Amino acid sequence: MLEGKKIVIGVTGGIAAYKTVTLVSRLVQAKAQVRVIMTEAATKLVSPLLFKEISGGPVACDMWCGNQEFNVEHVALGRWCDLMVVAPATANIIGKMANGIADDLLSTTLMACDKPKIICPAMNTNMLNNPAVMRNLETLSQDGISIMPSAAGHLACGVNGSGRLPEPEDIKEYIDHFFARHEGDLAGLKLLVTAGGTREAIDPVRFIGNRSSGKMGYAIARDAACRGADVVLVSGPVALEPPPCVRVIPVESTQEMLDACLAVYPDVDAVIKAAAVADYKPHHAAEQKIKKNEESLTLTLDKNPDILKLLGERKTHQFLVGFAAETQHLVENAAAKVRKKNLDMIVANDVTVKGAGFSTDTNIVKFLFPDGSIREPGLLTKEEVGNLILDIVKEHFRK
Ligand code: C5P
C-alpha cells in the first residue's frame with residue numbers, strides 16, 4: 001500500500017522524536033516518498049541532518065531560511081503529499097491545529113494542506129488527560145483528523161501510563177491501513193469475525209474449553225483489515241497479539257460471544273465465524289471452588305445457543321460463513337450445516353488429517369456452497385485460506 005505514496009512527516013518536540021527516525025526509515029524501505037518537517041523544538045532533540053539522511057530528501061524547519069525545496073514551501077508540501085502524519089504530536093501542536101494557529105512551518109503547512117492527516121499524540125499521562133488537550137483532540141477528531149491512540153508503558157518522565165508514542169512498526173501499520181481503507185480491495189466492507197474457543201465456567205477457577213488457538217480467525221481479521229475492511233473481531237481467550245487496526249471485543253463464554261455478535265450483526269456485511277464455540281455449559285457454575293472430597297463428580301451440562309444458527313435465522317443481507325471441524329463424514333456433515341444454519345458458505349476441514357485443524361499454521365479445507373458446489377484448494381497456510389475466503393466474500397459483493 002505504501003509504494004509510491006507521498007507522505008509528509010511532521011516532527012514536533014516530544015522526547016519520542018527519536019522513534020520517528022525509525023518510522024521514516026520503515027516508510028522509505030516500503031518505498032514511500034517521505035519529506036520531513038521539524039518544529040524548532042524537535043531540532044533540539046534530533047538533528048535535521050539525521051532525518052535528511054534517512055528520508056533521502058531535504059528537511060524543512062524554517063519558514064524564513066530561503067533555501068527551501070519548493071516555492072512557497074508550506075503550500076507546496078501540502079499539495080505534494082498524499083498524507084500528512086504528525087509523530088510525535090505534542091500538546092502544543094494539537095492545541096494549535098485544533099484552534100487554527102499557524103505560527104511556524106509545520107502548523108502553517110498543516111493548515112494549508114487539504115489532504116488526509118494522522119496525528120500520533122505522545123506526552124505525559126497528565127498532559128494527555130488534561131481537559132484542554134482532550135477537548136482539542138475531540139475537535140480534531142470532529143474535523144476528520146485520524147488520531148492514532150497513544151500506547152501505554154514507560155514514559156520518559158519516569159512513570160508508567162498512557163501517552164507513549166506507539167512503536168514505529170505500529171505507526172507504519174496504521175498508515176498502511178489508512179491507505180488500505182481508502183484503496184484496498186475490501187474498502188467499505190464491514191466484517192464480523194469470531195475466533196478462539198469459548199470457555200464455560202465450572203467454578204471460579206475451572207472451565208470447559210477446547211483446543212482452538214484462534215489462529216485462523218486472527219489471520220482472517222488481520223488480512224481483511226490489511227485489504228481495507230472495517231473489522232470487528234469477537235475473540236475468546238487466546239495467546240495471540242490483537243491484529244492492528246481491528247476492533248477486538250474480548251469474550252469468554254458462548255453467551256457473551258452471542259451478545260457481542262448480535263450487537264454488531266445488523267451493521268455488518270459479512271460474518272466469518274471461525275470460533276470454536278462450546279456446545280454445552282455446566283448447568284450451574286459453582287460460586288466457590290469445588291473441593292475434591294468425592295470419588296467422582298458429575299457435571300450436568302446444558303446446551304448453549306448456536307450463535308451461527310441464530311445469525312442464519314436473523315439474516316437480512318449478511319453473507320454468512322461458517323466453519324466445520326469434523327473427524328468423520330466431512331462433506332455430508334458440512335453440507336448439512338450449510339442448510340441447517342442458513343449459510344452462504346462453509347469452510348470444512350477434517351481435523352484428524354496432518355496439517356489441518358487446531359494449533360497448526362496450515363489447513364486443508366473444502367469450501368461448500370448452498371447450491372451443492374464444492375471448491376478444494378488443497379494444503380494452504382491459514383493466511384492463504386483466510387485470503388481465499390475473503391476473495392469469495394468480495395466476489396459475492398461485486399455481483
Ligand atoms: O455445528 P458446529 O458447531 O460444528 O458448527 C460449526 C460452526 O458453527 C462454526 O462456524 C462455529 O463458529 C459455529 N457455532 C456457533 N455456535 C455454537 C456452535 C458452533 O456459532 N454454539
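Atoms within a ligand are numbered from 1 in the order they appear, just like the ligands themselves. Starting from 1, each residue takes its place in the sequence as its number. No hydrogens, no waters, no symmetry mates; every other heavy atom, side chains included, goes into these values. As the structure is a computational prediction, the values presented were derived from the model and not from experiment.
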Exercise. When you look for heavy atoms under 4.0 Å from ligand 1, do you find them on the side chain of P305, its backbone, both, or neither?
Worked result: backbone

For this session: With heavy atoms only and a cut-off of under 4.0 Å, state how D279 meets ligand 1: side chain, backbone, both or neither.
Result: side chain

For this session: Begin from the C-alpha positions of D185 and K394 and carry the test salt bridge (Lys or Arg N to Asp or Glu O under 4.0 Å) through to its verdict.
Result: CA-CA 8 Å; D185 69 339; K394 184 177 83 178; 2.8 Å; yes

Problem set entry | Student check: side-chain heavy atoms of C61 and E40 closer than 4.5 Å | no

For this session: Look only at interatomic distance and state if G322 has a nitrogen or oxygen under 3.5 Å from any nitrogen or oxygen of ligand 1.
Result: no

Problem set entry | Part of K337 within contact of ligand 1 (heavy atoms, under 4.0 Å) | side chain

For this session: Take E326 and K337 through the test salt bridge (Lys or Arg N to Asp or Glu O under 4.0 Å) and record every step on the way to the result.
Result: CA-CA 11 Å; E326 301 290 341; K337 279 175 200 172; 2.4 Å; yes

Problem set entry | Numbered atoms and elements of ligand 1 in range of K273, under 4.0 angstrom, heavy atoms | 9 (C), 10 (O), 11 (C), 12 (O), 20 (O)

For this session: List the closest protein heavy-atom neighbour of atom 20 (O) of ligand 1: residue, atom name, distance to the nearest 0.1 Å.
Result: L308 N, 2.9 Å

Exercise. Which bit of N304 gets closer than 4.0 Å to ligand 1, counting heavy atoms only: side chain, backbone, both or neither?
Worked result: neither

Exercise. Going by distance only, is there an N or O of T194 that falls short of 3.5 Å from an N or O of ligand 1?
Worked result: no

Exercise. Looking at atom 16 (N) of ligand 1, what's its closest protein heavy atom, distance included?
Worked result: I307 N, 3.0 Å

Problem set entry | Sub-4.0 Å heavy-atom approach of K341 to ligand 1 | yes

Exercise. Between F178 and H182, how do the two ring planes meet: parallel, tilted or perpendicular, split at 30° and 60°?
Worked result: tilted

For this session: Kindly confirm or rule out an N or O of V277 lying under 3.5 angstrom from an N or O of ligand 1.
Result: no

For this session: Return the minimal non-hydrogen interatomic distance between C261 and T194, and the atom names on each side.
Result: SG-CG2, 3.7 Å

For this session: Answer yes or no on whether K5 is positioned over the face of F179, meaning its NZ or CZ is under 6.0 Å from the six-membered ring centre and within 45° of the axis.
Result: yes

Exercise. Any chance CD of E332 has more than 12 other-residue heavy atoms, nucleotides or ligands included, within less than 6.0 Å?
Worked result: yes

Exercise. What are the two closest non-hydrogen atoms of N160 and H154, and how far apart are they?
Worked result: OD1-N, 3.0 Å

Problem set entry | Test side-chain hydrogen bond (donor to acceptor under 3.5 Å, both in side chains) applied to T254 and R199, E200, K281, the passing residue | E200

For this session: Say whether A275 and ligand 1 are in contact under the criterion: heavy-atom distance to a ligand atom below 4.0 Å.
Result: yes

Problem set entry | ligand 1 N/O within reach of F323 N/O, cut-off under 3.5 Å | yes

